[in-house]
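The structure under discussion appears below in the form of structure tokens.
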Amino acid sequence: MELKVRKPFFLNFEKVPTPLKVFCDNIYVSLRFSESLNTLISLVRTNVDETLLNTMIQFYDPLLHCFTFRDFQLVPSLEEFSYLLGLPILDRIPYTGKEEDPKWEDIAAALHLPKAEIEKGVLSLLIYGQVLFHHYDKIVDVDAIKIFLSKNPVPTLLGDLLHSIHFRASKRKGCVLGCAPLLHKWFILHLHRSVRRNEEGLTWAQRIMKLSFDDVICAEYFSYDSDEANKRDIFIKAWSKVKKVGAKDIGRRNYIPLDPYFQWIYDRVVEFGMSYPSDTPIVPRITPPAVPVAFEPYVPSPNEDLVATVNQLKREMDDFERRLREAEAEKEVLIANAKEWETLLDYFSRK
């Protein structure tokens, strides 16, 4: 069945201020920072591919509030953002906008750190105000300061970004107000290395149209009018009842969907259409039923055993790739530290 192809549109994305990016590039190899600040600096230094983001945005489904691809869906989660930022999700109500303005002594207490830490504290606040929660150029506004002091930015980051994507994609124009480097890193996290390397020289549209469920890495980790004010009160009340649960409460995660899900996605793709033409036919993905012969024990066919083995190997490879990415990130930090010590040794040797 030939699917309809939607007309593409293009959005702008909030860019990291160039002076801040240059500053982080310069200090990353010369100073030592905490692990959390290193993560924020690496976010600032991320080279955002706007072509990739605009291609991904074409798959945003305003009805389902997620990205709908040929036979799978993706949407950022609190756990994934928590993992990418290296920040926990605290058991408290996130920023709502109804908090009192911080007192100057509270801000001073947050930034009056030991001499060796002053630059780090100011830099963290600057990244909050100009990258994570950017509203005005060259100004860290009071909302960013409140969120910085709350030490619980992940829910607000996710909510702001998803709201902006939904609003702009529905209008099919405008600028996505949110942390573009974080959105970029989130999507890349789900792609195999072969897709990122692109040895075939394909465009992002061609690469994404070829993706299926088996090609995606499942991460295992996270002034207002009266009506708007009432909605916010409902949100605050609802969030206070949210309880964090883990594997011991709901059991081990299973990322393998069943056939009804694939059929449901296919029906939605037929209704919604695709953003680009596909060289690979898009058909309902249904697993043939394994019905044993009557009164005889069922023995899996060689092909079924092979498929199960391949899927298991893919899961193991995904795990190895995830661990490799973490090791490479640690390696970069060690190399930067080694360069710093080498510089210091050279300095004192000359002295």
Side-chain angles (χ1 to χ4, degrees), residues 3-14 52-85 89 93-97 132-133 153-191 208-209 211-213 216-219 221-222 227-228 230-232 234-239 241-242 244 253 255 257-258 260-276 282:
L3 300 177
K4 62 181 179 181
V5 178
R6 301 190 304 273
K7 184 178 179 180
F9 59 94
F10 299 95
L11 302 178
N12 296 319
F13 293 86
E14 195 73 53
L52 166 60
L53 293 185
N54 256 307
T55 304
M56 180 183 68
I57 287 294
Q58 308 304 311
F59 294 87
Y60 182 77
D61 189 336
L63 177 64
L64 302 181
H65 295 263
C66 67
F67 298 95
T68 298
F69 300 93
R70 58 186 301 142
D71 64 355
F72 67 95
Q73 297 167 305
L74 283 179
V75 67
S77 67
L78 288 169
E79 291 81 4
E80 288 173 330
F81 272 24
S82 174
Y83 169 79
L84 290 171
L85 289 168
I89 305 170
I93 297 175
Y95 175 73
T96 65
L132 299 184
F133 305 99
V154 175
T156 310
L157 269 173
L158 180 63
D160 281 358
L161 190 56
L162 290 180
H163 176 269
S164 185
I165 289 174
H166 179 79
F167 181 75
R168 294 305 177 188
S170 299
K171 298 288 186 180
R172 299 173 69 86
K173 63 180 180 179
C175 180
V176 175
L177 302 178
C179 186
L182 188 57
L183 181 64
H184 181 277
K185 294 186 75 169
W186 166 76
F187 189 65
I188 290 293
L189 183 71
H190 290 278
L191 301 181
I208 293 179
M209 284 300 295
L211 292 177
S212 68
F213 173 79
V216 178
I217 299 173
C218 293
Y221 315 104
F222 343 142
D227 289 336
E228 290 180 339
N230 290 335
K231 290 177 185 179
R232 186 175 302 183
I234 294 173
F235 162 77
I236 295 172
K237 184 177 180 180
W239 188 275
K241 298 180 180 179
V242 172
K244 292 172 64 176
R253 297 177 183 176
Y255 292 102
L258 301 178
Y261 171 78
F262 287 120
Q263 182 63 52
W264 179 70
I265 290 294
Y266 175 76
D267 293 340
R268 177 56 185 161
V269 168
V270 170
E271 178 186 359
F272 188 45
M274 281 279 97
S275 304
Y276 307 95
I282 299 178

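In this structure the side chain of Leu211 reaches within 4.5 angstrom of the side chain of Leu191, judged on heavy atoms. For the pair Leu63 and Phe272, the minimum side-chain heavy-atom distance is 4.5 Å or more. Under the 4.5 Å side-chain criterion, counting only non-hydrogen atoms from C-beta, Leu85 is in contact with Leu157. For the pair Leu52/Ile188, a side-chain contact is recorded, criterion being any heavy-atom separation below 4.5 Å from C-beta on.
In this structure, Ile265 and Arg70 approach most closely via the heavy-atom pair CG2-O, 3.8 Å. What you find for Thr156 and Pro94 is that their closest heavy atoms are OG1-CB, 4.2 Å. Pairing each heavy atom of Arg268 with each of Thr68, the nearest pair is CG-CG2, 4.5 Å. Across Trp186 and Val75, no two heavy atoms sit closer than the pair CZ2-C, 3.5 Å. Between Gln58 and Pro8, the closest heavy-atom pair is OE1-CA, 3.2 Å. When all heavy atoms of Ser275 and Val5 are compared, the pair lying nearest together is O-CG1, 3.6 Å.
Ring geometry for His163 against Phe167 counts as parallel: the plane angle stays under 30°, on a 0 to 90° scale with 60° as the upper cut. Ring geometry for Tyr276 versus Phe59: interplanar angle of 30 to 60°, hence tilted. Using the six-membered ring where Trp is involved, His166 and His65 have ring planes that are parallel, under 30° apart on the 30 and 60° scheme.
The line from CG of Asn12 to CG of Asn54 is 7.5 Å long, rounded to the nearest 0.5 Å. Here Asp160 contributes atom CG and Ile165 contributes atom CD1; the two are 11.0 Å apart, rounded to the nearest 0.5 Å. If you take CE on Met56 and NE2 on His190, they are separated by 10.0 Å, rounding to the nearest 0.5 Å. The CG atom of Leu158 lies 12.0 Å from the SG atom of Cys179; values are rounded to the nearest 0.5 Å. A distance of 8.5 Å separates CG in Asp71 from CD1 in Ile282, rounded to the nearest 0.5 Å. Rounding to the nearest 0.5 Å places NZ of Lys185 at 8.0 Å from CG of Leu182.
Under the 3.5 Å distance criterion, the side-chain polar atoms of Arg168 are left unmatched by any main-chain donor or acceptor of Phe13.
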Worked check of ring-ring contact (aromatic ring centres under 6.0 Å, His included) between Phe262 and Phe213 = CA-CA 9 Å; Phe262 287 120; Phe213 173 79; 5.8 Å; yes
